[in-house]
Amino acid sequence: FSITSLGGGASIFITSDLATWTEHPIEASGGLHSFGGFVSTPNGMVVVGYEIQPYSDIEDRRPEQRAWRSPDGHTWLPMTPPDDEGELSDVAWDPARERLVIVGTDGAGRPRAWLGDDAGWGSSALADDLGRITELAGTDGLLAADGHVQT
């Protein structure tokens, strides 16, 4: 699988032989989108990112978290993100606890991790200062996130 977010939209590209790729667009609303992480789970796939409404005053341009779920990579439906405001940067599947882990920022710009799914999210602060976490990885029950925090 591969994801791209060119021109505010996103597509998932699927191949079984690395020679022929099939594009499957993700329907998104009319804002400016940034798509970040993508993960496969036992129940399908999840893509996370954020949206900024175009044509709004600069002080009103607050990112809004967005997430989509697909059972097969072909059909994508919006899912409930952890928070309304902020950015989602990456997502991983935690097989030890059978849950999604998402990293990004809250509405105030502080790095956070969210655990769970669209039925309910738990939250964990990664830092009290402003910052941005951009990558997430996990193995053997351990998770690691990297990015930067203002000091």
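One-based numbering along the sequence shown. A quick note: this is a predicted structure, and the numbers were derived from the prediction, not measured.
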Keeping [X] on the side-chain end and [Y] on the backbone end, is there a donor-acceptor pair under 3.5 Å?
X	Y	answer
S89	I133	yes
D83	G86	no
S70	T75	yes
T105	E87	yes
S124	A113	no
W76	V47	no

For side chain to side chain contact (heavy atoms under 4.5 Å, CB included), just list the numbers for H24 and F13, CA-CA rounded to whole Å, side-chain angles, deciding distance to a tenth of an Å, and then say yes or no.
CA-CA 6 Å; H24 300 279; F13 294 85; over 6 Å; no
How many angstroms lie between atom [atom1] of [X] and atom [atom2] of [Y], to the nearest 0.5 angstrom?
X	Y	atom1	atom2	answer
L142	T139	CG	OG1	7.5 Å
W121	Q65	CH2	CD	9.0 Å
L126	R132	CG	CZ	13.5 Å
L100	N43	CG	CG	9.0 Å
L115	L143	CG	CG	8.0 Å
D94	T41	CG	OG1	12.0 Å

If you take all heavy atoms of [X] and [Y], which pair is closest and at what distance?
X	Y	value
D129	P111	O-CD, 3.2 Å
P82	L88	CD-CD1, 3.9 Å
R110	A127	CB-O, 4.0 Å

Taking it one step at a time, do Y50 and E64 satisfy side chain to side chain contact (heavy atoms under 4.5 Å, CB included)?
CA-CA 5 Å; Y50 61 92; E64 299 173 4; over 6 Å; no
Would W114 and R112 satisfy side chain to side chain contact (heavy atoms under 4.5 Å, CB included), going step by step from the backbone distance to the final call?
CA-CA 7 Å; W114 292 272; R112 297 196 77 73; 3.7 Å; yes
Report the residue from V48, V39, D90 that forms a side chain to side chain contact (heavy atoms under 4.5 Å, CB included) with L136.
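The passing option is D90.
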Please examine the side chains of T134 and D146, heavy atoms only from C-beta on, and report whether any two atoms are closer than 4.5 Å.
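Of all side-chain heavy-atom pairs linking T134 with D146, at least one is under 4.5 Å.
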Is M45 reachable from F35 through a run of I, L, V, M, F, W or Y residues, each pair having side-chain heavy atoms under 4.5 Å apart?
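They do share one cluster, since a chain of ILVMFWY contacts under 4.5 Å joins F35 to M45.
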Could you go through I26 and I12, starting from their C-alpha distance and side-chain angles, then the distance that decides it, and tell me whether this counts as side chain to side chain contact (heavy atoms under 4.5 Å, CB included)?
CA-CA 7 Å; I26 297 175; I12 296 293; 4.0 Å; yes
